[in-house]
Amino acid sequence: MATTMVKENNAGPAQLLGPESASERTLYPYVTGTSVVALKYKDGILMAADMAASYGSTLRYKSVERMKSIGKHSLLGASGEISDFQEILRYLDELILYDNMWDDGNSLGPKEVHSYLTRVMYNRRNKFNPLWNSLVLGGVKNGQKYLGMVSMIGVNFEDNHVATGFGNHLARPILRDEWHENLSFEDGVKLLEKCMRVLLYRDRSAINKLQIAKITEEGVTISQPYALKTFWGFSAFQNPTVGAEGSW
């Protein structure tokens with residue numbers, strides 16, 4: 001009977017089953033941002049990200065902000081698909097608006113926002129339609145500093161310093177060696193700049209235009225974009241294939 005209907009109506013099985021069966025999934029992220037690096041310092045949280053968004057392997061956009069304040073107490077940074085990041089920000093706008101509507105004198109802190117994001121990412125992963133992002137969520141509420149991350153499949157943890165993308169491999173070792181609990185703001189910025197400089201040298205998707213954001217009890221401050229001082233005179237940069245047998 002179903003086969004007859006398909007032939008008579010000249011319709012495919014997806015049309016007969018309804019719109020849900022015809023839905024498609026994001027199979028590959030197109031416009032993506034690279035690493036986000038964040039750490040706790042004496043007064044709050046510092047976070048750094050460059051402003052590049054790559055179209056495939058092409059550095060197409062160079063003024064994309066990937067760090068946003070969330071409510072009164074939280075700061076969010078994202079690597080991965082930019083449009084999915086925009087969708088996550090829409091979810092968070094709805095969450096903060098709903099929380100404000102209670103007008104009970106309370107507001108969501110960074111721990112609650114991070115917990116919400118872990119559920120969103122894991123839920124979308126279970127639908128085989130993930131949001132292609134790694135997220136860093138930091139904040140300060142009632143004097144308590146909080147810093148955590150969540151991956152596109154819902155893997156999450158909190159730590160004194162976190163990084164996404166290439167930063168996990170290149171920046172975290174630096175942070176493990178040099179981070180300490182009583183970092184001043186100036187020393188924290190220098191440490192983040194050191195990490196971002198290493199990423200600029202070694203990550204093809206990174207550019208020399210970045211922002212550093214801080215969040216304290218007073219709120220969020222995101223710096224204007226600026227460039228790092230770099231040095232490209234290292235012998236390994238000038239002749240990268242020396243000593244490599246069979247290379248060009």
Side-chain angles (χ1 to χ4, degrees), residues 17-40 45 47-49 53-54 64-102 106-142 144-172 175 205 213 215 220:
L17 291 171
E20 280 298 317
S21 62
S23 65
E24 296 182 1
R25 300 289 185 255
T26 302
L27 300 178
Y28 188 80
Y30 279 88
V31 180
T32 59
T34 185
S35 307
V36 177
V37 184
L39 54 82
K40 293 179 181 177
I45 305 294
M47 190 180 298
S54 301
V64 178
E65 294 189 12
R66 296 187 289 118
M67 298 183 293
K68 300 288 184 182
S69 61
I70 307 297
K72 297 178 181 177
H73 310 288
S74 303
L75 173 67
L76 178 68
S79 57
E81 172 62 49
I82 299 301
S83 62
D84 283 352
F85 178 45
Q86 293 168 339
E87 179 74 353
I88 290 167
L89 291 176
R90 189 179 66 81
Y91 291 163
L92 290 171
D93 282 344
E94 291 180 359
L95 178 72
I96 297 301
L97 178 62
Y98 181 75
D99 181 55
N100 289 340
M101 286 170 59
W102 286 97
N106 193 22
S107 55
L108 291 174
K111 188 171 184 178
E112 291 79 35
V113 176
H114 183 236
S115 179
Y116 170 81
L117 289 171
T118 66
R119 298 305 87 207
V120 168
M121 302 302 273
Y122 186 64
N123 175 264
R124 288 290 293 262
R125 173 259 192 196
N126 284 345
K127 292 180 178 179
F128 294 90
N129 187 21
L131 294 160
W132 290 72
N133 298 101
S134 290
L135 305 172
V136 174
L137 194 287
V140 182
K141 184 179 180 183
N142 299 329
Q144 297 296 311
K145 293 174 282 190
Y146 185 91
L147 182 61
M149 69 86 60
V150 55
S151 76
M152 63 178 281
I153 59 173
V155 175
N156 64 91
F157 61 89
E158 55 181 289
D159 206 342
N160 294 319
H161 47 76
V162 298
T164 65
F166 249 114
N168 256 331
H169 307 285
L170 300 177
R172 288 301 294 281
L175 293 170
S205 299
I215 179 166
V220 175

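Counting from 1, the numbers follow the sequence of the chain as shown. Scope of the values below: all heavy atoms of this structure, side chains included, with no hydrogens, waters or symmetry mates.
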(message) Does Met121 form a side chain to side chain contact (heavy atoms under 4.5 Å, CB included) with Ile88? I'd like the steps, not just the answer.
(response) CA-CA 9 Å; Met121 302 302 273; Ile88 290 167; 4.1 Å; yes

State the [atom1]-[atom2] distance between [X] and [Y], to the nearest 0.5 angstrom.
X: Asp84; Y: Thr32; atom1: CG; atom2: OG1; answer: 11.0 Å
X: Leu76; Y: Ser69; atom1: CG; atom2: OG; answer: 10.0 Å
X: Leu137; Y: Leu147; atom1: CG; atom2: CG; answer: 8.5 Å

Shortest non-hydrogen contact from [X] to [Y]?
X: Tyr122; Y: Ile153; result: CD1-O, 3.5 Å
X: Gly109; Y: Ser74; result: C-OG, 3.8 Å
X: Leu108; Y: His73; result: O-CD2, 3.5 Å
X: Val140; Y: Pro110; result: N-CG, 4.0 Å
X: Ser35; Y: Gly165; result: OG-C, 3.9 Å
X: Tyr98; Y: Trp102; result: O-CD1, 3.2 Å

I'd like to know if the side chain of [X] reaches the main chain of [Y], judged simply by a donor and an acceptor atom lying under 3.5 Å from each other, with no hydrogens or angles considered.
X: Glu81; Y: Leu131; result: no
X: Thr118; Y: Ser115; result: yes
X: Arg125; Y: Pro130; result: no
X: His114; Y: Met149; result: yes
X: Arg66; Y: Ala78; result: yes
X: Lys141; Y: Ser107; result: yes

| Worked check of salt bridge (Lys or Arg N to Asp or Glu O under 4.0 Å) between Asp159 and Arg172 | CA-CA 11 Å; Asp159 206 342; Arg172 288 301 294 281; 3.0 Å; yes

### Side-chain H-bond candidate by donor/acceptor type, Tyr91 with Glu87, under 3.5 Å
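The answer is yes; a qualifying pair exists.
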
Thr164 and Ser79: side-chain donor and acceptor closer than 3.5 Å?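 Ser79 and Thr164 do have a side-chain donor-acceptor pair below 3.5 Å.
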
Looking at side-chain heavy atoms only, is the closest gap between [X] and [Y] below 4.5 Å?
X: Leu97; Y: Asp93; value: no
X: Tyr116; Y: Val120; value: yes
X: Leu135; Y: Asn156; value: no
X: Val37; Y: Val136; value: no
X: Val220; Y: Ile70; value: no
X: Val36; Y: Met47; value: yes
X: Tyr146; Y: Lys40; value: no

- Task: Check the pair Leu117 / Leu92 against side chain to side chain contact (heavy atoms under 4.5 Å, CB included), numbers first and verdict last.
- Result: CA-CA 9 Å; Leu117 289 171; Leu92 290 171; 4.1 Å; yes

> Does the side chain to side chain contact (heavy atoms under 4.5 Å, CB included) test come out yes or no for Leu39 and Asn160, once each step is laid out?
Replying inline: CA-CA 6 Å; Leu39 54 82; Asn160 294 319; over 6 Å; no

For Phe157 and Val150: C-alpha separation, side-chain torsions, deciding distance, then whether side chain to side chain contact (heavy atoms under 4.5 Å, CB included) applies. CA-CA 7 Å; Phe157 61 89; Val150 55; over 6 Å; no

- Are more than 12 heavy atoms from other residues, nucleotides or ligands located less than 6.0 Å from atom NZ of Lys111?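 Count not over threshold, so no.
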
